[in-house]
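First the proteins, then the strands, lettered A, B, ... as listed; each starts at 1.
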Amino acid sequence: MKTRNPWLLVVMWIAISFATLFPIYWLFVISVKPTVELFSTPEIILRSLFWKNYTDVLNNPTLRGYMVNSLLISSGNALLVTTLGFLACYALSRFDLAGKESIFFWTITNRMAPPAVFLLPLFLLLTQVYKIGSFSFADSRIGMILVYCSFNLPFAIWTLRPTVEGIPKELDEAAYVDGASTWTVLSDIIFPLARPGLAVTLILTWVFAWNEYLLAATLTNFRARTLTTGLSEYVTTTGTQWGIMAAISVFTLIPALIVFTVVQRHIVAGLTFGAVKG
Amino acid sequence: MHSQKLGWLLLSPTIVILGLFGIFPFVYVVWVSFHAWNPFAANPHMVFNWAENYRKVVFDQQFLASLGITAAFVFFAVTSEIVLGYVLAQALLKDFPGKAIFRTIHTLPLIMAPIIVGSVWKLMTTPSIGIIPYLLHSWFGFDLNIGQSALAAFIVTVIMDIWHWTPLVTLSLIAALVSLPPDPFEQAQIDGAGKSQIFWHITLPMIRPALIATVFIRLMDALRTVDEVLMLTGGGPGSATRYLGVHIFREVFPKTNYGYGSAISVVVLYLTIVVCWLLYVSLIAPRAKKG
């Protein structure tokens with residue numbers, strides 16, 4: 001699309017970026033201040049950097065373990081829900097299944113549940129019911145990967161369905177006529193065409209899982225404890241250690257930022273593809 | 001042309017997982033909602049009390065107040081996010097210098113955990129230590145105190161939600177807008193259609209499925225917001241920002257009123273489903289039938 005004056009847009013975006021970045025900048029400001037300074041008059045410009053909060057976090061093996069758990073759980077969950085969501089959306093858009101619209105709507109009701117009250121039933125199910133032999137899903141990474149499906153899988157299905165439906169049926173019908181199997185059609189025709197949508201779904205579900213707090217705080221103890229849960233350990237009865245909390249927060253941002261920038265290139269590739277198509 | 005069996009096979013993992021981690025806990029919550037129960041007590045007996053919890057919900061002033069302010073919160077936040085998100089998505093589709101950088105910057109709030117967003121906004125807005133009250137005071141002589149003014153607390157939670165979630169709307173609308181075929185737009189331009197005509201008659205109908213899915217996701221997520229608001233205002237001052245998610249959290253945790261909390265959750269879930277179902281039937285289903 002041609003724009004009459006691109007510089008107007010640039011000015012607008014600089015203003016928006018300023019508003020967008022300020023809270024993130026402020027998080028950084030807090031993370032590089034000793035606690036005493038937090039309670040004096042706030043200043044916008046940083047005069048000195050105090051790195052102790054960061055070294056405290058890095059030197060803490062427990063927090064490092066939490067970070068590994070967070071990475072494994074959110075990556076596992078994002079891959080699982082995107083794959084299952086993709087298959088489900090293909091079934092919903094190409095097959096004439098009885099009651100499929102009701103099933104589609106039912107999936108999303110799983111995301112509507114107010115989380116606080118579902119903590120206990122999930123806890124009981126994980127500790128007492130969901131067991132395979134001596135393996136319990138309680139406080140395990142795989143358990144959390146599955147629990148997070150309850151809110152991420154509906155999201156994946158709902159964001160992917162328009163993408164899959166937008167792919168012309170004639171394309172896969174032609175392939176079936178040529179004798180292709182469903183799996184070939186899925187991997188060679190639908191998958192490449194759905195890539196932009198899949199990329200968006202993958203990053204967003206990854207981010208939702210990475211950032212989840214309430215469920216992780218209740219359902220994990222040590223083995224599968226995540227980084228956001230680590231934050232709450234610094235809200236104590238003797239006061240909140242804001243500096244350390246801010247430093248941990250910055251650490252939670254870094255991997256999310258990397259994943260985001262990496263996958264965003266795929267979205268851009270998807271965008272170019274969209275342009276080429278027309 | 002396809003066998004039904006294959007379709008069900010592709011859907012089955014989804015149904016099984018959502019059944020295990022969605023329906024099962026839900027059935028349990030419904031069961032608990034008919035009991036008086038404090039699972040954290042020394043002697044946690046579950047006492048069946050018929051529909052007593054539901055009777056309490058209907059007459060609970062705090063719940064009804066919470067319902068009202070939640071509706072206001074969701075309305076202002078989600079409407080702003082959709083309008084703003086659409087405008088920004090359109091702006092990001094144009095060609096201008098630094099577009100890629102701006103797009104990345106714009107998506108940053110999305111990667112922050114709600115609990116962290118709540119903490120940062122609390123640190124920015126707390127009187128005497130926060131930068132925003134400080135600047136408002138020194139520039140405009142305005143005293144912002146979210147600890148005392150119910151309206152200020154409400155507005156700050158709405159702005160925080162807009163800041164956090166507009167990028168989600170932008171992203172999903174960009175994905176929807178780029179997938180549109182250019183032909184109808186070119187044809188409309190040739191026919192001399194104006195900008196607003198193109199928007200109402202071509203763009204909007206074509207992005208409708210994606211738009212409605214986005215509205216749904218935002219609607220239901222805003223309805224169950226907990227971490228952010230709990231961290232920022234704790235539901236206060238008074239009960240000014242005690243949105244449904246916060247209200248349920250408070251009933252379940254500090255008060256350990258589990259049976260009653262379950263009953264509220266069932267009611268809230270039911271209301272959410274009804275609202276979304278009505279929207280779904282009136283907005284999506286007619287189109288699906290036609291297509």
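Both the backbone and the side chain of B:Leu18 come within less than 4.5 Å of a heavy atom of chain A. Only the side chain of B:Leu135 comes within less than 4.5 Å of a heavy atom of chain A; its backbone N, CA, C and O stay farther away. When heavy atoms are compared at a cutoff of 4.5 Å, B:Lys122 approaches chain A solely by way of its side chain, counted from C-beta outward. Heavy atoms closer than 4.5 Å to chain A are found nowhere in B:Pro181, neither backbone nor side chain. For a residue to count as touching a neighbouring chain, one of its non-hydrogen atoms must lie under 4.5 Å from one of that chain's; by this rule B:Leu168 touches chain A with the side chain only. Contacts of B:Thr272 with chain A are made by both backbone and side-chain atoms, with heavy-atom separations under 4.5 Å. Looking at B:Met231, the atoms closer than 4.5 Å to chain A (heavy atoms on both sides) all sit in the side chain, from C-beta outward.
Of all non-hydrogen atoms in A:Pro23 and B:Val120, the two that sit nearest each other are O-CG1, 3.3 Å. The two residues B:Leu10 and A:Phe95 come nearest to each other via the heavy atoms CD1-CE1, 3.8 Å. The minimum heavy-atom distance between A:Thr228 and B:Ala113, with the atom names listed, is CG2-CB, 3.8 Å. Nearest heavy-atom pair across B:Gly7 and A:Ala91 is O-CB, 3.5 Å. Contact between A:Thr252 and B:Ile116 at its shortest, heavy atoms only, is OG1-CD1, 3.1 Å. Across all non-hydrogen atoms, the minimal contact from A:Trp106 to B:Ile15 is CH2-O, 3.9 Å.
The shortest distance between side-chain heavy atoms of A:Leu204 and B:Leu171 falls below 4.5 Å. Side-chain contact between B:Pro114 and A:Tyr213 is absent, with no heavy atoms from C-beta onward closer than 4.5 Å. Between B:Ile17 and A:Val81 the shortest side-chain heavy-atom distance does not fall below 4.5 Å. Using a 4.5 Å heavy-atom cutoff, the side chains of A:Ser249 and B:Ser119 are not in contact. In this structure the side chain of B:Ile115 never reaches within 4.5 angstrom of the side chain of A:Met245, judged on heavy atoms. For the pair B:Gln4/A:Leu97, a side-chain contact is recorded, criterion being any heavy-atom separation below 4.5 Å from C-beta on.
Of all the listed residues (A:Leu87, A:Leu84, A:Leu146, A:Leu92), the one sharing the greatest number of non-hydrogen pairs under 4.5 Å with chain B is A:Leu146. For the set B:Tyr134, B:Trp163, B:Tyr28, the entry with the most heavy-atom pairs within less than 4.5 Å of chain A is B:Trp163. With chain A as partner, the option from B:Leu123, B:Leu269, B:Leu11 having the largest number of non-hydrogen pairs under 4.5 angstrom is B:Leu123. In terms of non-hydrogen atom pairs under 4.5 Å with chain A, the most contact-rich of B:Ile264, B:Thr214, B:Leu244, B:Leu92 is B:Leu92. Among B:Ile217, B:Thr126, B:Val27, B:Val117, the residue with the largest count of heavy-atom pairs under 4.5 Å with chain A is B:Ile217. For the set B:Ala91, B:Ser12, B:Gly98, the entry with the most heavy-atom pairs within less than 4.5 Å of chain A is B:Ala91. Each of A:Leu186, A:Ile108, A:Ile16 has some count of heavy-atom pairs under 4.5 Å with chain B, and the biggest count is that of A:Ile108. Of the listed residues (B:Thr107, B:Val29, B:Val252, B:Thr104), the greatest number of heavy-atom pairs within a distance under 4.5 Å of chain A belongs to B:Thr107. The candidate from A:Phe155, A:Trp210, A:Trp26, A:Phe208 with the greatest count of non-hydrogen atom pairs under 4.5 Å with chain B is A:Trp26.
The CD1 atom of A:Ile203 lies 10.0 Å from the CD1 atom of B:Ile111; values are rounded to the nearest 0.5 Å.
For B:Arg224 (side chain) and A:Arg111 (main-chain N/O), a donor-acceptor pair under 3.5 Å exists by modelled atom type. Formation of a donor-acceptor pair under 3.5 Å by the A:Trp13 side chain with backbone atoms of B:Lys99 is not found in this model.
Proximity of the aromatic rings of A:Tyr130 and B:Phe21 is defined here by a centroid distance below 6.0 angstrom, and this criterion is met.
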Legend entry - side-chain contact (heavy atoms from CB on, under 4.5 Å) between A:Leu9 and B:Lys94, worked out: CA-CA 9 Å; A:Leu9 276 175; B:Lys94 299 200 164 95; 3.8 Å; yes
Inset, instruction - List the steps and the verdict of side-chain contact (heavy atoms from CB on, under 4.5 Å) for B:Trp37 and A:Leu120. - result: CA-CA 12 Å; B:Trp37 188 37; A:Leu120 192 73; 3.4 Å; yes
Inset, instruction - Would you check, one step at a time, whether the test side-chain contact (heavy atoms from CB on, under 4.5 Å) holds for A:Thr109 with B:Trp277? - result: CA-CA 10 Å; A:Thr109 59; B:Trp277 176 248; over 6 Å; no
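Other residues, nucleotides and ligands place no more than 12 heavy atoms under 6.0 Å from the CD1 atom of B:Ile101. Atom CZ of A:Phe123 is surrounded by 12 or fewer heavy atoms from other residues, nucleotides or ligands within 6.0 Å. The environment of CZ in A:Phe22 is crowded: more than 12 heavy-atom neighbours from other residues, nucleotides or ligands sit within 6.0 Å. Sparse packing is recorded around CZ of A:Phe18, with 12 or fewer heavy atoms of other residues, nucleotides or ligands lying under 6.0 Å away.
Under the 30°/60° scheme for interplanar angles, the aromatic rings of B:Phe26 and A:Phe118 are found to lie parallel. Using cut-offs of 30° and 60° for the angle between ring planes, the B:Phe216 and A:Trp158 rings count as parallel.
Evaluated for a side chain to side chain contact (heavy atoms under 4.5 Å, CB included) with B:Pro25, the options A:Leu124, A:Leu119, A:Leu122, A:Val147 yield exactly one hit, A:Leu122.
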